[in-house]
Each structure stands twice: as C-alpha cells, then as structure tokens.
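To start, the structure itself, in structure tokens.
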Amino acid sequence: MSSILQCMDCGREYPIQTVLYTCDNCGGLLDVQHDLDILHKTVTHDTFDRRLGTLDMPLSSGVWRYKELIYPEVDPALIVSRNEGNTNLYPVSTLAAWAGVKTLYFKHEGENPTGSFKDRGMTTGVSQARVLGKTRVACASTGNTSASMAAYAAFAGMEGIVFFQNRQIALGKLSQAVAYGATCIQISADFDRNLELVREISEKLGIYVLNSVNPFRLEGQKTIMFEAIQQLRWRVPDWIVCPGGNLGNSSAFGKGLYELHRLGLVDRMPRIAIIQAEGANPLYRAFRQGFRVYEPVHAETIATAIKIGNPVNYPKAVRALRWTDGVVEQVSDQEIMDAKALIDGCGIGCEPASACSLAGTRKLAQAGVIRPGDTVVGILTGHILKDPDATIGYHSDSLPNVTATYPNRLQQAEPSVDEIVRILEGAREPAMP
Ligand code: F0G
C-alpha cells in the first residue's frame, strides 16, 4: 500500500495527490499516513546511518535522508531541496546548570538555508506542489514561513504569495521574502485572520496553500526529531522542549516520535514540552483545564514568530501531548528575552521565540516537572539575525515591559587612545549570571 491522506478525526482516506487540507466529511485535519507495517520490515537504523555523509541529493538532505518515512513514492526528480536539515546538536553545559538539568542540548534549526526550521517543511510542501503541477503557492506568516516559502518557490520556479500582518514583522524575515521575489501583501489583520484569508483566496484561485495546515509541511518538520535522535546515536532524551505558535512543529514532533516508536526505531518516546508566550497562550490555557475548553486569544508578545491566538493545529498538538505524556508551559517576554541573551552570549544565538525552549526548561525544572537528572533537547527554531531589533532593543534596554538582566551595552568613544583604554580597563558588566 502507498501513502495516503487520512482525516485524524473520522479516519476518511483520500489519495495522496488530492488537494485538500481538511476533511470533506467532518472538517478534521489531515495526516499523510504511510504503511507502517511494511516499513517496520524494511527500515532500520542502518538505512539512515549509511546515508550520513553522502554527497548525493536528495538523500544528503537532513529531511530526505528519511525518505521512506516522509514520502516514499515521490519521484526524486520532482523533489525541491536545498539540502536542508543537517543542523547541529550542541551540548550546552553552562546553560544546563542555569536551567537546573543535568544534560541540555540545543538542536539549532536556525542553521537551515533560510534560517529557520520552516525549510524542512517547505522542501516537502513545495515538492508536493510540483507533484500536483501547481505554479503558485501561498502562505500567511509571522515571518519565517514566508521567508522559507519565498526561497523554495523561487528555487522551484514558482510564484510565492505571502500575506503579512502590516506591523511587527521582524525585519530579517520581511526582507528575505521581498528579496526572494515573492508577491508580498501587508494586510491590516493579525496572523489568524490572514490565515483565513489565504485559505479562502487560494481556494478561489487554485493556489496551493503552504501553511502548516498542509500535512506535507509536517512530514518534513518531523525529521527534526529523527535527526536529533540519530545524532544521539538513537538514544532517546527524556524531554523535547520547543516553542508553540501555530503548533505545526510540535504536532509534527508527536507524529514523528509516534512513528519511530511504532517502527521499533526507539524503545520509548521522549516527553514533549510545548512552551508558549504568556501573551499568546491558548494551548497553555486549554492544557490547564485538561483540554476541556479551548478559547482563542488576542495575541501579543515580543516573540512575534509565535504571536498567534488561534493555532490551526491545536487538535494535532493535543494528540502529540497525549502520545508523549507531554506538558505545556508559558513564559513571559522578560523570561524569553533573558533566556535569549544567555543563548546568544554562548555564541550560539537565536531569535526571541526560540528562547522559549531555554526559558521553559528552567521553569519546568523549577516546578519539578523536568527532574534534575533528565536529558533535555531544546529546539532553537530561528536564527539570531532574524530579529536584530529585538536584540539591540534588549541590550540598550529600550524594549517595552522588558528589563535587560544580562545586557552587553554598546560603548561609544572618541578616537582617543586614552578614552578607549579607559573603557577596556573598566569593569565589564557580566554577561552570565
Ligand atoms: N519559532 C519560530 C522562529 C517560528 O517562526 C515559529 C512559527 C514557531 C517557533 C512556532 O512554530 O507555528 O509550528 O508552533 N512561525 C510561523 C511563521 C507561524 O509564519 O513563520 P509553530
């Protein structure tokens, strides 16, 4: 049997080449489903280990290395890949001590070609657009999806169309989408409304939607879990900690981990901790009420990547949390920016939303949910250069409602040896606690 699309709620099946994002029957979200019984017999650790270091595209990609678990039937000639993935897993012992856990790694998805984890989902999404013969692709975005889609669309010779909120898009992201040649439309509506608009207009005009409501996006993004666990020599960490916005990434992680477990490639699943910004926390609120109530919120946070009040993948994220005995935590803008300063100060660096992984780990360790002896993999979702305004705003202490706890102040000097020597011999404020 080959891969199919299947509704996560009513189970209705559709051929893999159907252009559909939610079930015709009940409106549920769709999954790309593979035949796990066949894969169980054919796929081993060695299938993926022997591809490490290959120079041959597409198997050299950190997504397509796992082709059997992503899209086994796709014609390799139709794959649009920029060798995404293959990102580093950094052990960070100083930050582990700060967070209160024994072992902490950062999987740095900002090291993807356009600087965020979105490239992993975009290689699969744009490849499917090519399979379907589409020439126009579209998304609503808080920034990174648009940068990634614009790049992959240009690379594949398609038109990319992007709907942005008309304020608070990080400059690095906006400039990427413009530079890669996408049709960029700024709209006076928030992300949630823009996503509704893009879905409605795309339906009308036959454009292929590449937001994470598209199940092919999640197939690519689940490889973050495959690659991290392969880098740990197939040993399973206790926790995966990641930021949550539209909840595509955490949903993909749940699916990927579930599949690895079903295929016997791991002997247990790590627990997932999804971290939301306090001002954009609909999943956190639902979690606190045992998922009995779900209410969208009006979103506001300095971590603009996750400024989302009504995440489209909410049901899949709940499923991921149930599969992995997961938890949800929230962190303030202050906690996010302080954690970012510490990640940046290690020489690794990330954008604000990514720092939820460290801030959330610390909070959950302080609450005793993550135990001191646990091994944690935190996901850094975006590159430090995505949002320079937030970085400079923090270090110059000019952000609203955030005080720089770990500032590295920019110094000014006249071209005078004496003055500069005085600065260099003066006490420097400590970057680390
Ligand atoms: N971190 C970064 C840097 C992001 O750009 C996003 C989402 C997330 C975390 C949250 O991931 O939505 O899968 O829960 N950015 C989207 C965008 C919404 O349009 O770029 P999620």
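Counting starts at 1 for both ligands and their atoms, in listed order.
- Regarding atom 12 (O) of ligand 1, its nearest protein heavy-atom neighbour is Asn246 N, 2.7 Å.
- Of the listed residues (Arg319, Lys222, Lys255, Arg12), just one forms a salt bridge (charged side-chain N to carboxylate O under 4.0 Å, His left out) with Asp31, and that residue is Arg319.
- Near Gly143, the atoms of ligand 1 lying under 4.0 angstrom from a non-hydrogen atom of the residue are 19 (O), 20 (O).
- For atom 8 (C) of ligand 1, the nearest non-hydrogen atom from the set Leu283, Ile306, Leu380 belongs to Ile306.
- Atom 20 (O) of ligand 1 has Thr145 N, 2.8 Å as its closest protein atom, hydrogens excluded (heavy atom only).
- Ring to ring, Tyr294 and Tyr314 are close: their centroids are under 6.0 angstrom apart.
- Contact record, Asn211 with Cys139: OD1-CA, 3.2 Å, taken as the closest heavy-atom pair.
- The shortest N or O to N or O distance between Ser354 and ligand 1 is not below 3.5 Å.
- In the vicinity of Gly244, heavy-atom distances shorter than 4.0 Å reach the ligand 1 atoms 14 (O).
- Looking at atom 13 (O) of ligand 1, its nearest protein heavy atom turns out to be Asn249 N, 2.8 Å.
- Interface atoms of ligand 1 facing Ser141, defined by a heavy-atom separation under 4.0 Å, are 17 (C), 19 (O), 20 (O).
- We find that Arg262 and Glu259 are not joined by a salt bridge, their nearest charged nitrogen and carboxylate oxygen being 4.0 Å or further apart.
- In terms of protein heavy-atom proximity, atom 11 (O) of ligand 1 is closest to Phe117 CZ, 3.5 Å.
- Residue contacts with ligand 1: Lys173 is placed with no nitrogen or oxygen under 3.5 Å of a nitrogen or oxygen of the ligand (distance criterion only).
- Between Ser146 and ligand 1, no N or O atom pair is found at a separation short of 3.5 Å.
- Within the listing of ligand 1, atoms 18 (C) sit less than 4.0 angstrom from a heavy atom of Ile308.
- At a 4.0 Å heavy-atom cut-off, ligand 1 does not touch Gln221 at all.
- Atom 4 (C) of ligand 1 has as its closest protein heavy atom Ala305 CB, 3.5 Å.
- The number of heavy atoms from other shown groups lying within 6.0 Å of CD (Gln186) is above 12.
- Residue Leu247 has at least one N or O atom closer than 3.5 Å to an N or O atom of ligand 1.
- Put simply, CG on Leu283 and CD1 on Ile275 are 10.0 Å apart, with the number rounded to the nearest 0.5 Å.
- By the 6.0 Å contact criterion, CZ on Arg268 is enclosed, its count of non-hydrogen atoms from other residues, nucleotides or ligands being greater than 12.
- Contact check for Gln17 versus Leu132: side-chain heavy atoms found under the 4.5 Å cut-off.
- Electrostatic pairing of Lys340 and Asp333 does not count as a salt bridge here, judged by no charged N lying under 4.0 Å from a carboxylate O.
- Remark: minimum distance from atom 1 (N) of ligand 1 to any protein heavy atom is reached at Thr381 OG1, 2.7 Å.
- Side chains of Gln165 and Thr304 form no contact here, defined as non-hydrogen atoms less than 4.5 Å apart.
- Shown in contact with Thr142 at under 4.0 Å from a heavy atom are these atoms of ligand 1, numbered in order with element: 15 (N), 16 (C), 17 (C), 18 (C), 19 (O), 20 (O).
- In Asn313, neither the side chain nor the backbone holds a heavy atom less than 4.0 Å from any atom of ligand 1.
- Taking a cutoff of 4.0 Å between a charged side-chain nitrogen and a carboxylate oxygen, Arg120 and Glu84 do not qualify as a salt bridge.
- For ligand 1, the atoms closer than 4.0 angstrom to any heavy atom of Gly248 are 13 (O), 14 (O), 21 (P).
- Listed by number with element, the atoms of ligand 1 under 4.0 Å from a non-hydrogen atom of Glu351 are 3 (C).
- Asn214 places a side-chain N or O within donor-acceptor distance of the main-chain N or O of Phe216, the cut-off being under 3.5 Å.
- Residue Lys118 touches ligand 1 through its side chain alone, judged by heavy-atom distances below 4.0 Å.
- Partner of Glu111 under the side-chain hydrogen bond (donor to acceptor under 3.5 Å, both in side chains) criterion, chosen from Asn88, Asn86, Thr87: Asn88.
- In this pair, Tyr21 and Tyr208 present their aromatic rings tilted. The plane angle is within the 30 to 60° band.
- The ligand atoms of ligand 1 that sit less than 4.0 angstrom from a heavy atom of Asn144 are 2 (C), 3 (C), 4 (C), 5 (O), 20 (O).
- Backbone and side-chain nitrogen or oxygen atoms of Pro243 are examined, and none is located within less than 3.5 angstrom of a nitrogen or oxygen of ligand 1.
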